[in-house]
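Have a look at the structure below before the remarks.
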Amino acid sequence: MAKYRNLRLAGVSLALAATMSAPAALAAQTPEQVAEAALRAAPVWDGHNDVPEQLRERRKDVLAGFDFRDTTRTADPAKDEQAMHTDLARLRKGHVGAQFWSVYVSAALDDQHAVQATLEQIDVTRRLVAAYPGDMQLATSAADVEKAMKAGRIASLIGMEGGHSIGGSLGVLRQMYALGARYMTLTHFKNTPWADSATDKPEHDGLTDFGRDVVREMQRIGMLVDLSHTSEATMMDTLAVAKAPVIFSHSNARAINHHTRNASDTVLKALAANGGIIMVNVFPTYVVEETRQWNAARAGEKARLDALYIGEPEAAAKGLKDWEAAHPMPRGSIKDVADNIDHIVAVSGIDHVGLGGDFDGVGTTVVGMEDVSTYPALFAELARRGHSQADLEKIASGNMLRVMKAAEAYAAAHRADPPIESPTAF
């Protein structure tokens, strides 16, 4: 009997050990392991990458001779060009499973040239994706994204950066959607005739009546409304009109960095009520308050030197170079990006934050996030701060997937609504 009693006790001990092993194993996981598990379950869906802009500026949209598998040797000091931030190898290393490619064109272009340039940017993006069928897959829906991720390909979506891309025409907007564009940023650095930018003199106090129609028509057809680069008045006007979730494809928290293009707590609360998402970027000027202050100080010093050395541009330029050497720009680090994410979570909730790196659209990044391969380090920092694997999966792509599905559901419910019409300009 003692023999069987000992066996029963041993069985109880093994059962207890089994029930305790899972929590103990979880507790023993390092932040890096938590991050890795999250990213394998839910790869990053990045809201904004400017590779198409690089192709236009560096190569005039000619892909012949361009190897997207490795762009680490694309620096050209003679042209003041640094190496690109993005290639297939580093996207894989960064666990990027879906990417909105930005088809940005200069806001200084007139309507007709902006529309043409946007069409050319869409074309080169689609050609780039088609050139690597084993690694990339064009995606125009949430279902496409899920299918591509399941197949191990990088879902490639198109986002237009700036409302000037439609030339003031709802007809052009609808045709851009037909070509695959799935979001449009309402403004860039300058106002449009129908919406105020964060970095231009206020002209409309937000959206005009036509601007409200742009938002309504975007949501009717299922194109995501992007509020990055817009003024707070435009943000709030849009959130008041929107019936489906909106996005910020590459923005941060204004409470952390007071740049006018970042979202205030008032906006973040309205965004949560809307069901939308803000996707945090890695550009120091938008991430780190000390960098924003440095830029202001540099601008002041430049103005002083230009006034001091009127007619002597070389002396003014040397003076500014000396000032920069004595006052290096603070770049911040991964921790600053995590601070923005934590603040957004505190105000909006875990369901309303994602990532939009702005890689290849900026000249510098925070330290530790120099290219698209570095996302695991950010997720490890978030895990170190106590974010669970479930939280990390939402930040990586779960939240963006939910938002796109909601936007598509709204469009499906309004498919029978007639298109909003507006008179053509000429």
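Here the structure is a predicted model, which means the values were calculated and not measured.
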### Message
Do the side chains of E314 and K318 get close enough for a salt bridge, i.e. N-O under 4.0 angstrom?
### Response
no
### Query
What is the distance from atom CE of M218 to atom CG of L173, rounded to the nearest 0.5 Å?
6.5 Å
Which donor-acceptor pairs under 3.5 Å do the side chains of residues 148-157 make with protein atoms, sequence neighbours left out?
from	atom 1	to	atom 2	distance (Å)
R153	NE	P133	O	3.0
S156	OG	W101	NE1	3.1
S156	OG	I154	O	3.2

### Considering all heavy atoms, the nearest L207-A195 contact
CD2-CB, 3.7 Å
### Query
Within a strict 4.5 Å, meaning less than it, do heavy atoms of the S264 and E232 side chains meet?
yes
Counting only pairs under 3.5 Å, give me each side-chain donor-acceptor contact of residues 396-405, with atom names and distances, residues two or more places apart or in other chains.
from	atom 1	to	atom 2	distance (Å)
S397	OG	P43	O	2.8
N399	ND2	I350	O	2.8
N399	ND2	V353	O	2.9
N399	ND2	K394	O	3.3
R402	NH1	G275	O	2.9
R402	NH2	G275	O	3.2
R402	NH2	D351	O	2.7
K405	NZ	E146	OE2	3.2

### Message
Closer than 3.5 angstrom, by distance alone: can the side chain of N340 be matched with the main-chain N or O of D336 as a donor-acceptor pair?
### Response
yes
### Partner set under salt bridge (Lys or Arg N to Asp or Glu O under 4.0 Å) for R212, not counting sequence neighbours
D209, D237
### Task
Report the residues that fulfil salt bridge (Lys or Arg N to Asp or Glu O under 4.0 Å) with D61, sequence neighbours left out, ordered by chain and then residue number.
R56
### Task
Using a strict cut-off of less than 4.0 Å between a Lys/Arg side-chain nitrogen and an Asp/Glu carboxylate oxygen, indicate whether D371 and R90 qualify as a salt bridge.
yes
### Message
With rounding to the nearest 0.5 angstrom, report the CG to CG distance, L224 to L227.
### Response
11.0 Å
### Query
In terms of side-chain heavy atoms, does H95 have a donor or acceptor partner in E36 at a distance below 3.5 Å?
yes
#### Entry: Sub-4.5 Å side-chain heavy-atom contact between H85 and V362
yes
### Message
Any non-hydrogen side-chain atom of L119 less than 4.5 Å from a side-chain atom of M176?
### Response
yes
### Message
Donor-acceptor check, side chain of E81 to backbone of D76, threshold 3.5 angstrom: yes or no?
### Response
no
### Query
Under a 4.5 Å cut-off applied to non-hydrogen side-chain atoms, are W194 and V214 in contact?
yes
### Validation row: L128, F68 side chains within 4.5 angstrom (heavy atoms)
yes
Can I get a per-line list of side-chain donor-acceptor pairs under 3.5 Å for residues 324-331, giving both atom names and the distance, sequence neighbours left out?
from	atom 1	to	atom 2	distance (Å)
E324	OE2	R298	NE	2.6
E324	OE2	R298	NH2	3.1
H327	ND1	W323	O	2.8
H327	ND1	W323	NE1	3.4
R331	NE	T365	O	2.8
R331	NH2	T365	O	3.0
R331	NH2	E370	OE2	3.3

### Message
On a heavy-atom basis, which atom in I221 and which in A411 lie closest, and how many Å separate them?
### Response
C-CB, 3.8 Å
### Task
Look at atom CG of D110 and say whether more than 12 heavy atoms of other residues, nucleotides or ligands are closer to it than 6.0 Å.
yes
### Message
Tell me whether Q219 contacts the main-chain N or O of V225 through its side chain, where contact means a donor paired with an acceptor under 3.5 Å.
### Response
no
### Message
Can you confirm whether Y375 sits close enough to L355 that some side-chain heavy atom of one is under 4.5 Å from a side-chain heavy atom of the other?
### Response
yes
### Message
Atom CZ of residue position F66 - does it have more than 12 heavy atoms of other residues, nucleotides or ligands inside 6.0 Å?
### Response
yes
### Task
May I ask you to check whether T185 and S228 show a side-chain donor-acceptor distance below 3.5 Å?
no
### Message
Tell me the closest heavy-atom pair linking T140 and E408, and the distance in Å.
### Response
O-OE2, 4.3 Å
#### Entry: Between CH2 on residue W45 and CE on residue M279, distance to nearest 0.5 Å
7.5 Å
### Message
For R40, I'd like to know if atom CZ has over 12 heavy atoms of other residues, nucleotides or ligands within 6.0 Å.
### Response
no
### Task
Assess whether side-chain hydrogen bond (donor to acceptor under 3.5 Å, both in side chains) is satisfied between N191 and S197, documenting all intermediate values.
CA-CA 5 Å; N191 300 337; S197 167; 4.8 Å; no
### Message
With a 6.0 Å cut-off (strictly less than), is the heavy-atom count around CG of D417, excluding the residue itself, greater than 12?
### Response
yes
### Query
Under 4.0 Å between a Lys/Arg side-chain N and an Asp/Glu carboxylate O for R384 and E32?
yes
### Query
Does the side chain of L170 reach to within under 4.5 Å of the side chain of F210, using non-hydrogen atoms?
yes
### Expected output: side-chain E289 to main-chain H258 donor-acceptor under 3.5 Å
yes
### Message
Once rounded to the nearest 0.5 Å, what's the spacing between atom CD1 of I247 and atom CD1 of I278?
### Response
10.5 Å
### Message
With a 3.5 Å distance limit and no angle check, can you tell me whether T187 reaches the backbone of K190 through a side-chain donor-acceptor pair?
### Response
no
#### Entry: Side chain to side chain, F248 and N262, heavy atoms closer than 4.5 Å
no
### Query
Can D226 and R182 be counted as an ion pair, charged N to O under 4.0 angstrom?
no
### Summary
So the salt bridge (Lys or Arg N to Asp or Glu O under 4.0 Å) pairs with at least one residue in residues 261-278 (sequence neighbours excluded) are none
### Query
Is the side chain of S165 donor-acceptor paired with the backbone N or O of G162 at a distance under 3.5 Å, no angle test?
yes
### Flag if over 12 foreign heavy atoms under 6.0 Å of CZ, R69
no
#### Entry: Non-hydrogen atoms of D87 and D70 that approach each other most closely
OD2-CA, 3.4 Å
### Message
Side chains of D196 and T234: any donor to acceptor distance under 3.5 Å?
### Response
no
### Query
What is the distance from atom OG1 of T374 to atom CG of L378, rounded to the nearest 0.5 Å?
7.5 Å
#### Entry: Polar contact flag, side-chain donor to acceptor under 3.5 angstrom, Q389-E393
yes
### Task
Classify the side-chain pair T71/T74 by whether it contains a donor and acceptor separated by less than 3.5 Å.
no
### Task
Decide side-chain contact (heavy atoms from CB on, under 4.5 Å) for D135 and L88; before the verdict, give the C-alpha distance in whole Å, the side-chain angles of both, and the deciding distance to 0.1 Å.
CA-CA 8 Å; D135 293 288; L88 293 174; 3.8 Å; yes
### Message
Quiz question: by atom type and distance under 3.5 Å, do the side chains of H250 and E161 form a donor-acceptor pair?
### Response
yes
### Query
Do H48 and Y104 meet the criterion of a side-chain donor-acceptor pair at a distance under 3.5 Å?
no
### Message
To the nearest 0.5 Å, what is the distance between OG on S102 and CG on D360?
### Response
11.0 Å
### Query
Going by an N to O cut-off under 4.0 Å, is there a salt bridge joining D123 and R126?
no
#### Entry: Side-chain donor-acceptor pair present, D213, S422, cut-off under 3.5 Å
no
### Task
Among V215, V246, T192, find the one that has a side-chain contact (heavy atoms from CB on, under 4.5 Å) with L186.
V215
### Query
Of the non-hydrogen atoms in R292 and H259, which two are nearest, and what is the gap between them?
CD-N, 3.4 Å
### Query
If every non-hydrogen atom of D306 is compared with every non-hydrogen atom of A316, which pair is closest and at what distance?
OD1-CB, 3.6 Å
